[in-house]
Each structure stands twice: as structure tokens, then as C-alpha cells.
Amino acid sequence: MLDSILVANRGEIACRVLRTARAMGLRTVAVYHHADRGAPHVSLADSALELHAEVPTAAYLDAAQIIAAAERSGAASVHPGYGFLAENGDFAAAVEAAGLVFIGPQPEVIRLMGDKVHARAFAAEAGVPLAPSALMEESFEAFLDAAAGIGLPLLIKAAAGGGGKGMSIVHDAADLEARARTAMSEAERYFADGRVYAERYVEQPRHIEVQVLGDGRGNVVHLFERECSVQRRFQKIVEEAPAATLPAELRARICEAAVKLATRANYRNAGTVEFILAPDGEFYFLEMNTRLQVEHPVTEMICGVDLVEAQLRLAGGEGLPWTQDAISVTGHAIECRVCCEDPARDFLPATGRARVLREPHGPGVRFDGGIREGQPITAAFDSMIGKLVCRGDDRTQAIDRAVAALGELTLLGVDHNIDYLARVIDHPAFRAGALHTGFVTEHADTLGAPVLDADARAAVVIAAALGVDDFRRLAYDIPEPYASIGGWRN
Amino acid sequence: MLDSILVANRGEIACRVLRTARAMGLRTVAVYHHADRGAPHVSLADSALELHAEVPTAAYLDAAQIIAAAERSGAASVHPGYGFLAENGDFAAAVEAAGLVFIGPQPEVIRLMGDKVHARAFAAEAGVPLAPSALMEESFEAFLDAAAGIGLPLLIKAAAGGGGKGMSIVHDAADLEARARTAMSEAERYFADGRVYAERYVEQPRHIEVQVLGDGRGNVVHLFERECSVQRRFQKIVEEAPAATLPAELRARICEAAVKLATRANYRNAGTVEFILAPDGEFYFLEMNTRLQVEHPVTEMICGVDLVEAQLRLAGGEGLPWTQDAISVTGHAIECRVCCEDPARDFLPATGRARVLREPHGPGVRFDGGIREGQPITAAFDSMIGKLVCRGDDRTQAIDRAVAALGELTLLGVDHNIDYLARVIDHPAFRAGALHTGFVTEHADTLGAPVLDADARAAVVIAAALGVDDFRRLAYDIPEPYASIGGWRN
Amino acid sequence: MSTSFPFTLDGQTHSLTIRARRPALVVEVDGRCYTVSEDASGVPGESTLLIDGRPHRVARTRESDRVHVKLDRTTWSVAYEDPVTAAQHDAGGDDVLRADMPGVVVSLNAAPGAAVASGDVLLVIESMKMQINVVAHRDGTVENVHVEVNQSFDKGTELVSLHPST
Amino acid sequence: MSTSFPFTLDGQTHSLTIRARRPALVVEVDGRCYTVSEDASGVPGESTLLIDGRPHRVARTRESDRVHVKLDRTTWSVAYEDPVTAAQHDAGGDDVLRADMPGVVVSLNAAPGAAVASGDVLLVIESMKMQINVVAHRDGTVENVHVEVNQSFDKGTELVSLHPST
């Protein structure tokens, strides 16, 4: 059993990992950049070490400083969270070389799955279905020919890619060459690896993924699937488990494919196998993420497990915590990613300060937050500041609870997508389970902010006016209490 | 289905009921006394009506004002929470007479169970085991004779009682008469009903209670038992579900007895049948509480249900939401009642202001809170300001999570029992499940605040000193930010 | 009583005028009158607002020329520029922060060249046994800090200047 | 540098003295020296405190003569009476709240006869374009309010008096 842990991350995932580690009795160490010195993850750990870097994100990407911090603090293990160094095989190797336990898969498995071309080949060998595709193996011309042979529309992707970068959809054969060149240069710029590949673009695809756990000794279990079809800018914003609608036989085949792949990779710790599900019921391997996913809580809620605890036990050498038969699904869970962004302006990230923050509570409601009231929201980090996760006996109850909790969640001082998320999950098409990755584009016209009538607009401006001292004094002779005292606490 | 609800209560239970009602789409109405105008339950409702009374608690006990508020706001139903009017049969009758739905049992069932003497007789007829007892039926002298005949030790209780008031343990026959007279006068004072009765006092008793739901048409299900043996001043402070240790056969018999009683009463809505369990495995009917209990969340966590939702559905005429077969137990849950009181001074209630309040979060952690940061804690209301409820796969994990969450829960500005609760549930005897209602007295010597050595005391006073500007300025030339600005937000 | 206040929501400006204060507050918005009463909850920035008898839950916070509002279950950002600020903006007058009363500097939180956001604490002064945070009234860059820690100052002293708005 | 500060924890008074400020802060407690450094988290009242290199999580708030502290996972209440307050207490001087600078009364929150708790806002004054809460320094009952809303006052004016301590 591990006795101590350094969490090499920030925000909600650092808080979430630290809480489980604390509950398990481990000594906990946080790391932070100066810009995060007031962040909640710093307070949650038994101790916190500062990482030095000009650019805040660089601190959390500095493997050498993080390993040095682990050694200085005496932490026996390192949890990478997601993002930053979580899928960096060299970091995992360096952690192990320093004699520390890396809470995640073997470095070579991380590297294998990080290269999309190699991962596809590996999946094919494992008998996992792949969409028809073309790799760039010999010449650019041969690649173009092979790609054209797949048929349109086509998706061009970076071999080393992720997060939608270097990705492009080709609907017209005339665009193929230009799009391929753009993708190669983007891939070179973002991943220092210009290799791209093409695969058939599934129209109205659904994103289905399977949570797996392996012991690194050939034993793998799955914890059923999640659906993450609601995305904006190629990034998930609403996830759920189980999938909105999925025939039992198809679910079984998808979960089986994921276990087959993970077993062949001799997978260790927690991972996720992602698939594209076509409207005709065919499914294709997309990629394997060799870390804890952002959306892991929906699986926790329906399976009644703590995936971070499972990760720590596996990393401590305890073996798989459950047999496959012991894992079952009860109820339904939905996660909404709360981001500082403007849904009305193509989800442009927003900055400001979380002047007022009131988190929701209640039965079946879990808010995995990563910021504190008063904290500045800068462009230095990802725009996601927390996740609202709600469980229900069934999908309708989970949605109802999430809509109510989004109404309770109050964040003032920075633009955010809270109201937008409520409109998405309360949308008739969402409630009906008619999901695909183009959902928010398809329903853009009915997902905008409601148009207020004159009385409703008057209510908003009156509510605002009473927050302005000049107006308030004229109205009541009484200014807003505290309103004019300096600082963020109005 | 109900479309609107008035919650005739305050604090955490009002918040908890309002949240479920919101999630179910009901229009919600809160009521509040002026002293509570900044309380969270006021903010959670769609609208809030003020109740006028000199004494704050009198507002929440004013049936006429509450019913008028329901009529004024157009609320179709009234949820009484617990305490205040929750077990007042006349209130339930008045609500129904006003054409509103009372979310609870029939008025006559409330009255029956509220009279402990009648309830005992009813339980006896239902074949539920009772401890040997003596009632005051003819003369005081005859009662003393009958009581003496039971054997010592004896418990004297008020017929109309509850909450430990009018209760007394008699160990010495010479004390019997004086104790009985004291109990009668206390009963007269608190309940305007001087009737008392005596029953055998079970040594080292455990408190086991069974959650039941009835449809008022003769159908009753149970949701298994809770154990509430850890008490101080006859009031529960730690509850759990299922019981710490209970043979399956005994559990089945206790649950069956509860269902038998509720079925015979043609019980409607949620209720709890309380039993005393003796070390020899015998169990005795204690009383039936005809309302939602404070500790209902532990049942929700192990059964995966929302008891308030079940209450609202039953009140809306939907019938029992589950068959008995569909209800099963997974995992273990523990609740700690967070009270403003001083455990070192016999749990004397404390007043002050919640200057800093940081609620815990995390997987399996639920905090049902009833106050807000900045709120004054006065003697006007009960000292319980929230409940920490933690679920685990097993009892040990539930305890571990609760200990960690109590460490995270920060309340400054008023004395409280948070540290004490952590010591109770982390105590080896608690972990071993060696519970009885005298637990905190038995272990008083090992449940006190830890004695700090010189270095630890130095750490505390240094931490405090740096919060004092004079000291800080001398140390750093920098005062504590915000520290001297008026108001509660330091 | 007939001062008009301009508030802008989603690019559209509404004109608010207080028409009556007794027996009830009446606010005219774009020519329509609304009866308003507010029950401050005791929590700063939170209240129940009754408009023509209909209750609304309000949470709000002011940030220089904006008021952020959660009304019932939706969030809005409303722009308001008070006449004094507007005049200062026109005159460039908010580039220099002056003391309106005598005091002593307790600490400096911003150095020349520092980027500051509206609401950031620039320095802490002490007066009347209270520390008072002096905050930036707009986003900008600090041009000059005119006082030192422990320095006493009179009313009207320049404390901090920001680079003129660009 | 050798002022001694008395802090009382659970009835036992400890004497704190600052022994060095550079290169590191050294605090002597009851004759033993501790090296102290603090990393203010940016959240008012929260920090990481290093004592002889050992990190501690601290949350704290001061309330007149007490500091409430959560240190790591336990809560403490530490008494501190600064010399000025102590002298005032001795002279009964804290019964009358006086203005230390000129200003104008914005609102009155307490009327004669009202029971107030330490920290309650008694009135709000305005000065330097800021509203400042004037708070009770101890629990008590308001004896008299000497000013009215909108009244201007000079330094030294009596604002509110509390009933003498009993």
C-alpha cells in the first residue's frame, strides 16, 4: 500500500485525487505555480511545494522540477491527473527511474497509445474494429490516392494528436490535398510530428468510451461505457453513463472490444478505450487514453466505485479490486463541464474573477470544483473550472437534478456556460437521447439565450440597478452593504 | 403529482426538502422568521414569505400563519420537515382542512404515535415486543408499586415526550418516588401532559431503527435499519446504516416487526420505528416517529433512493415507489451531526458567528448544511447547523471518508463538535462496532481533545499570532489582508 | 427625483427613472412603471426582489462599470457607467488615484509596470484604525507609485497613476 | 524588537517574542525559538505556515480579542488582548465609539436598546468615497446613538455608546 503521494496537477482533478488520497490515509503533497497560490488544491494537501516557471502552465509540465519536489517531500508516488504530463511516457519513465511509483500505465504503453498510427495498428491486431483508413507510409501522393479511395467524407487526423488539433473534415475531393497539407503543418506545430492519416468520417457519430482497469499482469475488467457525444470545438461538454440509448448486445460487444485491446496491451491501472458509433450500429476504435478521464465520475456514480482509490490500490500492488461479475450498473449519471467561456461567441474562453461562487448541493449532486470564490480566472490555464455530476435512478431524474443544480450554481464575475449547459440538457432532443457529436451545431438555433420580453428585461436591469449605490441611495437612502469596500468581496 | 410545495421549516432540512422539490420541478415556497432572513433556505426557494413572531421559534410553530402563507402563495402542499410542527396531529389536520396536502401520515396516526402510552399499547396489539413496563393508570401509588415490580434499573419517561425531556434512570429503589415526581413535573412543563410511565432500563442498549414507507392503503415497505447508538444528552450525534453489526436473522426480525406495526396503523408516507436492542439480542419497541428523521440520508445512501422524493410521490397519490424486493443495501453510510456546542463542557450549546465556513466535498461525501458563512449562530434555534454524511463500500471506508471530510470542514467563529466527532468515529471502539447509547460516557477519557506538547502548542499560538496585525506588522511589515475591515468577512 | 440612469443589457440600453419612493418604490423602465420592493437577505449581494408582486431571487456583484446578476436561475451582465466616471473617462481623470482623506500607507501591492485588473488592490492605507484597500478602477498598467510604505499623506495626494487608457 | 505578546490557549498563556526577521523570521515561544515562514495563499485568512520547516495548513479569523484557528485538521481558539484594548478595557473606554476622522453617516444599523454582538455593524459611514462599516468591539447593548443619517461629523465625535460592561 502506498503511504504518500504527490499530485502533479492543479484545479479540480488535483482536488479530487487529493481527497481520495486523504481519505485513504496517505500523506499528500501538492505542487503549484505562483499564479495558483490561492487555489483550493494547495489548501487540500498536507503540504504544498511551489514550482517555478515564467509561464504558469510550464510549471506543471516541468518533469524535472516535479520529480525533484517529490523527492524533497518524500512522496513515494506521483499521480499525474489528466492533461499536462499525464500521457507523457518519458515523464512516467523518469518517475520510475527516480524510484517512485507512477500511478498509471507502463511508459511503453503510454507511448504506444500516444501514437495514433501505432495504436491503430495495435488495435487491428487485437481484432478491434477500425474505420477504413489510409496511412501516410510511402509518398504524399500515395497517401492522397489511398485516402481518396476510402470515399467521402473523410477525417484527417494527426498521428500524435489529440484535443481536435490538426483535425479536419473533407467533404469535397478537391479540398483533399490542401486540407492534408494544413493538417500536416498543424500537426508539426502542435506535436512536433507532422504525420497525419485519413479515415472515413462517420456522419452523425456518437462518442462511446469504455472505462477499463488492468493490473499489468494480463487481467483487465471494464466498468461499462460512457457517452460523450455532446461536444463543442471537438471537446466534450456533457457526458453520461451509461450511454443514452444502447442495445444490450451492442454494449456487450463494445465493452468486450475494449477489454480485448487492454488485455493485449497488458494494461496497468485505469484507462479508457474510445469508439465512434455510427448510426448503423457499427463501431470503430478511436483511441485509447492512458489516464483518468475528466468524465470518470459518471462511471463512479453508476458503478458505486472510487476510480482514484482503484488507481492507488493498483499502483500499490494490490491487484484488481473487483472481478468483472462484481461490477454492475445502477441508475444514470450526467456530468456537465463548467467552463469560463462565451457560448454566444463560439465558446471563446473568458477571463475575469470568480467574485461570487455558490456551489450546488443535494442528494445525488456532486460538484468537483477547482476554484475558490475570489480567484482570478486567467488565460493561463484551461477554461474548465469545475464539473457538476448528478446521479438519478434513471436518465430523466439525473437530468432533472442537473438542471436544478445548474440553476443553483452561481458564478458571477466571469462569463461561463452554466445557463447554456442547462439549456443543452433540458433540450427535448437531449432528453430524447438523440445525440451525436454535432448536437450543439444541429440545435444551435434553439440553444441560444432566451429572448426576454420587455418585463423580463426590466426585471434584470432593476436587479442590476439596485446593485449600484447612486441608484440605490436615490431609491432607498441606503447603499448596498459592503458594496463599495475595496477588494473582491462585494 | 404535486405541482407546488411550502416547506414549513428552516435550516438544513428545509434546504434538503427544497432541493428535491426543485429537481422534481415543483414550485417551492419557503417561510422564515426575520432572524433567518439571510439563511440559505430562504434563497433556495422560488419565493419566501416572512412569518412574524417575537420569538423566532414561535414563527415556525405558528400553524395558522403557515397555513395562511401556503394559501397566499398558492402552494398545494406542506412539508413539515422534522421538529417544530412535524409531529403535531392538529397541524396536519388543519393543513388538510384547508384543502392542502400534508406530506406525512394521517393526523390520527400522528396523534396515536405521539402518545407513548397509547403507542405502546398499539404495538403490543400488533405483536411487537415491548420491554416490561408500568403505566400510571389508577393511582400514583399503584404506579410506584408496579414500577418497583419490574426490577431495577428503571427508565421513567413522559407519555407525550421526546428528545430526552422528562426522562430519568432509576438505579436505586429509594429514588423512585422522587424521580417519578420530577419526571411528571417536567412532562407537565414541556408537553402540558404530566403522564409518565416506567419501563425496564436495558443496560448498554443499542438504538436500532427501521425506515418504513406506507401508502395509507395498507401497503408498507421497509428500507432496512439504521443504528443511532452514539448519543449525548439522549440525542443522537452519529448514525449509520446498516447497523454496525447485526446478525442477518435478527435484522430480518426487527424489520419485520417495524413493517407489522406500520401495516396495522395503515401507515401513510415515511416513518421510523425505533427499537432498543439489548446485549442479549432481545429487542423492544421504543417509539414510532411519524416524519422524516434527521438521519434519513444514511438510508438514502445505502439504498440508492431519495426519501423526500418518495414522500412527495406518495403525497401526490402515486403509491409506493418500490416493492420490497426492489430495495437492497449496497455499502455503508455514516452521518455526523455538526453542532455548535462545547464537547468539553458537557456539550453546552455555543453561540457566535460562522465567520469562516468551508464545506467538504469529494466522492461519497454529502454535506447537508443549513447555514451560510457570515450567519450568526444564536440560542434561538437548535445547535445543529449541518450534517456530514459519507458513504463507503464498507464501514471502514465510510469512516475513513468521514474522518477526512471532518478534517476538511472548517468552521471558525463559534465553538463546535467537528474535531470531537472525528475523535468519536476514529476511536478504536467505534471502528470495532462496540456501540451502545453510553458510548461517549464510557470512552469520555479517550475522547477529550488531545494534549499538545510544547511544540504543537507553539504552532497553534504562532498561527494565531500571525492573524493579529500588531504582531504581523512587527514580523513582516505587512498586515493581514482584509483583517481589519469591519464586518464578518475577515 | 427624475434623474435617469442608463443600463445596458446585451447591447440595448434601458433608461431607469425613480418615479416614487413612498408608499412603495416605483421604477420606470423605458416608459413602463414597476413597483419594486427588496428584502435584503442579510447576505451581501443577495436578496429577494419583488417586481409588481412577483418574487425573484437575486445574487449580484458590481465590478467597475458592470453589474453581474443571477436573477432566478439565469446569469446576466449589465453595463452601467455613472456620470462621474463617464466624465472622468472623458477627461482621462481616472488615470490618477488621489487620497480623499489623510492617512498612512500600510503596504504597496503594485509596482510601476505591473498589469492590474479592475478591482485589484493597489495599496492598503490606514485611517481610523482601519486598513482600507485602495483598488484599481479599471484594467491597466501601473505608471507610477507616488507614496512609500509608512508615508503619511494629506487629502488630495496622488497615490498611484495608471498609464493613460489606450 | 523585543516586545512580548501574550497569547492564551486553553487557559495557559504563552509569551511570543520576535527574535529575528532576516534572513528568516524567528519567533520565541516560552523561551524556545522557532523559524517561521508563511505562504499566504491569496485567500484572506488562509496560508501554509512552515515552522522549523514543517508545513501546516492554516485558516484563521480574528474576532476582537480572540483568533479562531484551524491548524491542519483541528480547530483552536486563542485569546489575545492587545495593549491598547487592554488599557481601554481598564478605563472602560470601549463603551464609547468615536470617529477617528471626519465623515458622513450613511446608515444606522443599531438603535438604543439593541443587543449587539462583537463584530456586528453598528453604522456605516462614508469617507474617501468608501463606505466603511463601524463595528462593535464587544458584545453589549446600545445605550445611545449620537448621530443621524446624512449627518456630517468631525474627528473625535461620539458615534455610538454601549452600556458600560457589567
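Remember, it's a predicted structure, so these values are computed and weren't measured experimentally. Convention: sequence-line order gives letters A, B, ...; per-chain numbering from 1.
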Go through A:T351, A:L411, A:L409 and name the one with the most non-hydrogen pairs under 4.5 angstrom from chain C.
A:L409

Of the backbone (N, CA, C, O) and the side chain (C-beta and beyond), which part of A:L452 lies under 4.5 Å from a heavy atom of chain C, both, or neither?
side chain

Aromatic contact, A:F347 with A:Y420 (centres under 6.0 Å):
yes

Which region of [X], side chain (C-beta onward) or backbone (N, CA, C, O), has a non-hydrogen atom less than 4.5 Å from a non-hydrogen atom of chain A, or is it both or neither?
X	result
C:L49	side chain
C:S15	neither
C:V69	both
C:T75	both

Side chains of A:F471 and C:V27: closer than 4.5 Å at any heavy-atom pair?
yes

Side chains of A:C339 and A:H416, heavy atoms from C-beta outward: is any pair under 4.5 Å?
no

Which residue pairs pass the salt bridge (Lys or Arg N to Asp or Glu O under 4.0 Å) test with at least one member in residues 407-422 of chain A, sequence neighbours excluded?
A:E408-B:R19

Surrounding CZ of C:R32 (heavy atoms of other residues, nucleotides or ligands, distance under 6.0 Å), is the total greater than 12?
yes

Verify the neighbour count for atom CZ of A:R431: are there more than 12 heavy atoms of other residues, nucleotides or ligands below 6.0 Å?
yes

Taking C:D72, C:T74, C:D10, C:V26 one by one, which has the highest count of heavy-atom pairs under 4.5 Å against chain A?
C:T74

If you tally heavy-atom pairs under 4.5 Å against chain A, which of C:L25, C:D52, C:D30 wins?
C:L25

